[in-house]
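What you see is a predicted model; the values in this text were computed from it and never measured. Quick note on labels: first sequence line is chain A, next is B, and so on, each numbered from 1. Just so it is clear, the values below take in all heavy atoms, side chains as well, and ignore hydrogens, waters and symmetry mates.
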Number of protein chains: 2
Amino acid sequence: MASTGKQVLVTLRKQIADGILKGGQRLAEIPTAESLGVSRMPVRMAFKALEQEGFLTKAGRGYTVRETSPEDITGAIEVRGVLEGLAARQAVERGLDPNVLPTLKQCLRDGDALFVKGHLTDDDFGSYHDMNCLFHDTIVNASHNPAIAEALARNQHLPFASVKALAVDPNQPEREFRRFYYAHLQHHSIVDALERGQSARAEGLMREHANTTLNYADEEQQNERSRRIRRKTSS
Amino acid sequence: MASTGKQVLVTLRKQIADGILKGGQRLAEIPTAESLGVSRMPVRMAFKALEQEGFLTKAGRGYTVRETSPEDITGAIEVRGVLEGLAARQAVERGLDPNVLPTLKQCLRDGDALFVKGHLTDDDFGSYHDMNCLFHDTIVNASHNPAIAEALARNQHLPFASVKALAVDPNQPEREFRRFYYAHLQHHSIVDALERGQSARAEGLMREHANTTLNYADEEQQNERSRRIRRKTSS
DNA sequence: TTGTATTTAATTGGATCCAATAACCGTTGG
DNA sequence: CCAACGGTTATTGGATCCAATTAAATACAA
């Protein structure tokens, strides 16, 4: 039983993330309040919060759902790369807390156990997702630089840009397997660099690791683009 | 005649930035609303916005003014370095817009004109500040990556961390002159790298350029620390 | 004397009301 | 026929009211 305001906030956020509220669409307080069955007040609060989070932009009277171009997404992933790279470097330079390496190595073992079978089930993707979040969060926290986490929080919102929002294409299981396996091998290299105190190497690896997501997002763009073209030619 | 809500927001923001509202201080809606002579509603809105901006943190009932440690500031400046470094690199890699280099070179000429005298007046510091903001904004915008500007906007709030908030120590004019002159020489190197298409060099220079501020903040910390020690020993 | 539980008070969050402003449409004048 | 001005309408922003939750204080029991 979360409070009404939080409920409205997460509902709207999910509707935007899921594309139910399309980019560019105008949002007024009264209709959304009525459709959610609440008063205008929590909606006002949620709109303000969503504006700060970058989901909505104030357009004269009312708000419009922000439209994210593919360039926005690739740019945000690039930002995530340099920020997580900075986190890895600073984590090494400050000296790792004693619990960091054990946690990361457990992540590596968990990932290894997933990949030995040679294929990934839906549950495996979920497990990988959890492990991946823990891995990245651990490194970001190990930097002891709260500004990094704050700056990253801004990017979490864009689809594909966040660590938490890794999408899986169910039609290409073997390609997805290779993609995640490659990412996991990068995790191994990153831990190796952290363990050896190679801060610059850790930073570079972490940047490239974000680029792995970037390449995938690019392919998604390609698919989307070709799909659009196909649609256009077929009409 | 700005709207009441905005007025409350900027007032509270300024009071926090100026230290009138000290770090760790608890803020309740009713007292602040009464002290500002408005109703509770704009204060609620402002509190929510200030929480999103990182000025306030929700502490059970009500909010507390966030206290920024020196480590927070150095960390934020480090973040600014990698973000502006990324901006410089991407600006080169995407190809500079035709108006970027002329704008930057005008900044260099304006700076050169300030430093030829060998000393800086108060007006000169103001001119340098404006030129400096234009220089950095131009590079960030030249990256055509809106995620960078958004991530940077988060850091603007912390004192010393932002480009816009460069402090000048009036007691050490010649030291300040050397500091700004060094920063300006870095500007020259950065423009040189941009012009030659040396993206990695531009990135590294931009990072180091933020570090110049960082060193100053460190000295501020040292001063503050020694001041505190002096106070402690004298008591 | 200390810890826990209950009660009370205060503060926050939600709803409704009212005013102010901005957008849209119609009409009129050039 | 187009543009500009005025009116009307709808939507946002501010204020007040009410309920719910939480924190603090006091009292009671161990």
Side-chain angles (χ1 to χ4, degrees), chain A residues 1-17 19-68 150 153 156-157, chain B residues 1-17 19-67 150 153 157:
Chain A
M1 56 176 293
S3 67
T4 311
K6 290 292 172 192
Q7 200 71 13
V8 170
L9 182 60
V10 298
T11 301
L12 289 176
R13 203 169 2 208
K14 184 165 179 51
Q15 285 188 356
I16 295 172
I20 299 173
L21 299 173
K22 306 242 188 306
Q25 182 173 344
R26 286 201 52 148
L27 279 186
E29 285 180 7
I30 298 176
T32 47
E34 285 177 354
S35 78
L36 294 174
V38 296
S39 105
R40 277 179 47 217
M41 191 62 54
V43 176
R44 277 168 68 179
M45 296 301 217
F47 279 4
K48 259 205 157 346
L50 290 170
E51 183 198 5
Q52 284 288 337
E53 293 178 13
F55 281 112
L56 301 180
T57 56
K58 193 171 348 211
R61 183 72 66 101
Y63 294 87
T64 65
V65 180
R66 173 176 176 176
E67 27 202 349
T68 59
E150 280 172 29
Q156 304 284 25
H157 308 314
Chain B
M1 57 177 295
S3 67
T4 310
K6 291 292 173 194
Q7 199 71 14
V8 170
L9 182 60
V10 300
T11 302
L12 289 177
R13 207 174 354 215
K14 186 165 178 51
Q15 285 189 355
I16 294 173
I20 298 173
L21 298 174
K22 307 241 188 306
Q25 183 172 343
R26 286 200 51 145
L27 279 185
E29 286 180 6
I30 298 176
T32 47
E34 285 177 354
S35 79
L36 294 174
V38 296
S39 107
R40 277 179 47 219
M41 192 60 54
V43 177
R44 276 169 69 180
M45 297 301 214
F47 278 4
K48 260 205 158 347
L50 290 169
E51 184 197 7
Q52 283 288 337
E53 292 178 14
F55 281 113
L56 301 180
T57 57
K58 197 182 332 228
R61 184 72 67 101
Y63 295 87
T64 65
V65 180
R66 172 177 176 176
E67 26 202 349
E150 281 172 29
H157 308 313

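Pairs passing the side-chain hydrogen bond (donor to acceptor under 3.5 Å, both in side chains) check and including a residue from residues 54-65 of chain A, sequence neighbours excluded, read A:T57-A:T64.
Residues passing the side chain to side chain donor-acceptor pair (under 3.5 Å) test with B:S39: none are found, sequence neighbours excluded. Residues that satisfy the side-chain contact (heavy atoms from CB on, under 4.5 Å) test with B:E67, not counting sequence neighbours, are absent from this structure. Remark: A:R44 pairs with no residue by the side chain to side chain donor-acceptor pair (under 3.5 Å) rule, at least two apart or across chains. B:R40 pairs by the salt bridge (charged side-chain N to carboxylate O under 4.0 Å, His left out) definition with B:E29, not counting sequence neighbours. By the side-chain contact (heavy atoms from CB on, under 4.5 Å) test, A:Q52 pairs with B:A49, B:Q52, B:E53, sequence neighbours left out.
The OG1 atom of B:T11 lies 12.5 Å from the NZ atom of B:K6; values are rounded to the nearest 0.5 Å.
For the contact set between residues 40-54 of chain A and DNA chain C, defined by any heavy atom under 4.0 Å, the members are A:R40, A:M41, A:P42. Within residues 27-35 of chain B, the residues that have a heavy atom under 4.0 Å from DNA chain C are, in order of number, B:A28, B:E29, B:I30.
Between the CG atom of B:L36 and the C1' atom of D:dA15 there is a distance of 15 Å, given to the nearest Å. Rounded to an integer number of Å, the gap from B:Q7 CD to D:dG14 P is 11 Å.
For B:V38 against B:V8, the heavy-atom pair with the smallest separation is CG2-CG2, 4.0 Å.
Put simply, the side chain of B:I16 does not reach to within 4.5 Å of the side chain of B:R13, judged on heavy atoms. Inter-residue side-chain proximity for B:F47 and B:T32 is flagged as met; some heavy-atom pair is nearer than 4.5 Å.
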N/O-N/O pairs, protein side and nucleotides 5-7 of chain C side, under 3.5 Å:
none

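Contact of A:R61 with D:dT12 (side chain to base): no donor-acceptor pair of N or O atoms is detected under 3.5 Å.
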